[in-house]
Structure formats: structure tokens, C-alpha cells
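Below, read A as the first sequence line, B as the second, and so on, with proteins coming before strands; counting in each chain starts at 1. Predicted model only: the values in this text are computed from it and were never measured.
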2 protein chains.
Amino acid sequence: MTNLSELKQTGKSLGEQAHEAIRDSVITLRLVPGEMVYENQLAATYGISRTPVREAIRKLAVEELIDVLPQRGTRIAHISERKLKDAAFVRSSLEMSAFRSVAKEWSETSESCRRLKQQVQLNLAEQHKAQNNPKVFLQLDEAFHRLILQQLGNDTLLNVVLQMRGHLNRIRYLALEQLHDMERLVNEHEALFAAVTRNDDIAVAQILSGHLNKMHNDLPALKQRFADYFKP
Amino acid sequence: MTNLSELKQTGKSLGEQAHEAIRDSVITLRLVPGEMVYENQLAATYGISRTPVREAIRKLAVEELIDVLPQRGTRIAHISERKLKDAAFVRSSLEMSAFRSVAKEWSETSESCRRLKQQVQLNLAEQHKAQNNPKVFLQLDEAFHRLILQQLGNDTLLNVVLQMRGHLNRIRYLALEQLHDMERLVNEHEALFAAVTRNDDIAVAQILSGHLNKMHNDLPALKQRFADYFKP
DNA sequence: ATTACTATACTTGTATACAAGTATACGAAC
DNA sequence: GTTCGTATACTTGTATACAAGTATAGTAAT
């Protein structure tokens, strides 16, 4: 696991570092849904005091990744179908608007568009190479969406999408080994970006709409297999 | 202003109460953009210690309503045109999706739809009566949008919209006295809801799209008049 | 006068001490 | 055996003490 000295690296405050560390642990399921954790325990784990740990926990509670039970402890949030559905709706709405907007304003003469195109093409090439490595592929998938969202220049939107993806990614990590159809996902990514570069925002909406709904297929099976992780 | 004992009321923790109190002060401009505040000072104001004040401040910093300058103090965030633009985009995208979805699933036979209809009609009647009271009208306006958003049953989306509105409302409070065209806004609200109740999601999108862009008209004038409040 | 240095009085960041609420184990009463 | 009450060992909530960074005022050197 993560020990104390691992945190002492950067210029960030202990609170921020604890936040990132705990958040990552929750999303990648190293801290399993439903598990109880305690401020003292986490503080000891990271070799820091309760204060920065509390700060981290409060932020994660706002995100609904953990539940604070007053005077009783802190629980890693169960995976909630309701929350998944809601987060998917928000993410979909925002990515749809964002991608369409980027498509509408795409121009090969724009410097930023050209730079983006290079990065995306690099990313897509790596996606092809990572077909047999689900974890790497998942990160490249994330990076692809992020690259295009960044082109919009709306950090607020980007942060909301990333927050939603925190919840959605928990089930993707749950289904890591079952991550199949990677080839189809790459193809969709390529079709999506092609539509962007020819200013075809209608096609973008069409492709993206189908693309984002892929994940829900495995849900029933996952819910059965990892019943303890889900909200009753 | 708010004193200490005002906080001791409810079952909520001091941290939550401080968060609500400070947040409200920021949005209603009692704490003016650009002003420096200090944890000790706020703690003294509310008659509590620094700990719950810090908790509140961290949450507000995530929302970008305040800036924490390490070892220097805390600044009430300037009004940023960039942030306004970004927040408006996010809000618009989400309300558009939400309203359209509510319109598509509207049914007069549904119990929840009938209940909502009653509440909305009551709200619209009050909007008519509040034509000469901008502050009340603003709250009714908020309530109208909130009522319909709640019908979607997506708390996550609602919370994101409310967060965006925190930023957008600061300029509405700035322009309180100039809040004109209230009659037109009511009419738009009525047209909007009428479109919802006849399942006309296309009209909903059309009306809402124009409706949400109204606020930006006054911006240049406000920026000139309250230059200190804006980011340079 | 200007510059460079230093002391100082702030600030937030972090650790720790204390208050208060919750669940449980245990035992007495019945 | 069951129930009730109580002590106890936890937890988070809050207050305070201490550490460390920042800006500034003042002073000495030039």
C-alpha cells in the first residue's frame, strides 16, 4: 500500500496529497466499497496527523465517494446504481455539448487544432497497441476524451466531467479483466475524432451517444458477482 | 451581520453551518469580491474556532468562490468572466438536457407530474405578484427552475447546476436594482412550462436556450461600474 | 537617497488535546 | 433466560498549540 514517505515528495500540502492518495485508492478499489475506515487509521497509514486526513475526507464526502457517519466512522461509499445513472447522465450531457462545440469550431488552420490533432493521433496509435492491456487502454481512453474536452477551454466543465468519471470508473475497474471490445472502442474513437475534424457535430452527437452507453451492459453481472460492493 | 449565536440553532455541525453562512455571504455579495478575509477573523465573527471555519473555506475553495493564498490569507474570489462563461455553458447544457427529458416523460396521469404542475402554477402566480420586488422575484425564478429539475430525480445534476448558479447569481445580485424585464421572464417561464406539459421537447430547448442567455446583456455595464469586483 | 538586511508581526499548515456522541459488552434485576 | 441500565472503549467534532512561510517596516551600509 501507500506509506508515509511516499507523500512527502512535492510542494503540495499534506491535505492535498492525502486527498489525491485516498481518492485514487477509492476509485481503483484498493479501498473497497462498504469498508469502514477511520481518520486515525488513515493518518497512521500515511504517517501524518488527523487534520490533513480530515480535510481530504471532507472533500471526498462532497463528491459522495465516502460517507461520514458522525461519531461512528467513515465508510467507503457503496456503488450506487442511482448515482451511476445520474453521473452518466451528467457526463453524457456535458460531453455531448462539449464535443459538438469543438466540432463546430474545428479548423485545420488553427494552431491549437493542429496540435490537438497530433496528440490525438498519437493517442489513437497507442490505443491500438494496448489492445491486450486493459488497464493501459482504460487510461488511454480517459486521455482521449480529456484531450478533446480540453480543446473547449472550459476547466469548470472538465472538472465536473472528471468528477462524474470518478464514480463511473469504479465499475470499470471492477470489470477490468472483462474489458472486451477494446477494438470497437478504438474504432469509435477514430470515427468520433474524424467527425470532429470535418465539423460534423450531428455525427459527433450520434457516435458519442452510442459510445458512452457501452458500459452499462456488464452492470447486472457485476452487481451479482460483487453484491457486497453495491448499495442494497 | 451574522453573529455567533445565530449559528447554534440546528443539529448540523458548526463546519456545515459556517459553510452555508459564508457561502451565502459570498453569493449575496455581503462579502465583496476581492476582499481579504482571515480564518481567525471569520472564527471570531461566528464565535467558533478556526477548525470548522477552515472546513468551510476548503469547500468554498473547491467551488472557486474563494482563493486560498497559502500563508497569506483568503480572498473572496473576483468575478471572472471566464468562470461566468464556463459556468453558464455547463448550466445551459445540463438544464437543456434535464428540461427536455422532463418534457419527454411528462404525463398528466402521473401523480408526480400533477403535483409538480400545482407547485409550478403557484410559483408562476407569485412571480406575477412580485413584479416590483426584484429580490423576491429572483428567488421565485430560482425556485421555478429548481422545481422542474427536481422532477428529473437526478440530485447529482441538481447539485452541479446549483453550484454553477452560485457564480452566476453573484452578477444577478450585482444587478438587482437593474433587474428589468421581469414580465418577459415570467412569460418565458410560462411558455417553457407549457411546452413541457405538451411533451414538446424541441420547443423547450428553443425557449430555454434564449431564456438562459438573458443575463449577459448587462455584463459590460456592470463590469465598468464595479470594476474592482472583476478579475483584471 | 537607495539598497540590502533583519526583526517582527502577521498568515495558513499541521499536530495534538479535549468534548461529546455512539455502539457494545457486561452485569444486575426480575 | 430476558431485559434494562451502566461502564467503557471506541468514533468524529471542536478547540488550541505549535511550525513554517510571507510581507513589511525599520535600520544600517553605501
Worksheet item: Does anyone know the first and last nucleotide of DNA chain C in reach of chain B, 5' to 3', at under 4.0 angstrom to a heavy atom?
Response: C/dT11 to C/dT14

Worksheet, complete the sentence: The complete set of side-chain hydrogen bond (donor to acceptor under 3.5 Å, both in side chains) pairs with one or both residues in residues 222-232 of chain A, sequence neighbours excluded, reads A/E81-A/K223

Fill in: Donor-acceptor side-chain pairing of B/Q163 and B/N159 below 3.5 angstrom
no

Item to complete: Could you note down all residue pairs passing ring-ring contact (aromatic ring centres under 6.0 Å, His included) where residues 139-171 of chain A supplies at least one of them, sequence neighbours left out?
Response: A/F99-A/H145, A/F144-A/H189, A/H145-A/H189, A/H145-A/H211

Worksheet item: Among residues 50-58 of chain B, which contact DNA chain D at a heavy-atom distance under 4.0 Å?
Response: B/R50, B/T51, B/P52

Discussion item. Is any side-chain heavy atom of A/L208 closer than 4.5 Å to one of A/L192?
Written reply: yes

Worksheet entry | By side chain to side chain donor-acceptor pair (under 3.5 Å) - contacts of B/T28 (at least two apart) | B/R30

Worksheet item: Which sits closer to the 5' end of DNA chain C, B/Y38 or A/R72, going by the nucleotide each is nearest to?
Response: B/Y38

Fill in: Ionic contact status for B/E20 with B/R23, cut-off 4.0 Å
no

Using atom types as modelled, flag every donor-acceptor pair under 3.5 Å from a side chain in residues 169-176 of chain A to any protein atom, sequence neighbours excluded.
from, atom 1, to, atom 2, distance (Å)
A/N169, ND2, A/E142, OE2, 2.2
A/R170, NH1, A/A77, O, 3.0
A/R170, NH2, A/A77, O, 2.9
A/R170, NH2, A/H78, O, 3.3
A/R172, NH1, A/D141, OD2, 3.0
A/R172, NH2, A/D141, OD2, 2.9

Discussion item. So that I can tick it off, tell me whether A/K129 and A/E126 are bridged by a salt bridge, with the cut-off set at under 4.0 angstrom between side-chain N and carboxylate O.
Written reply: no

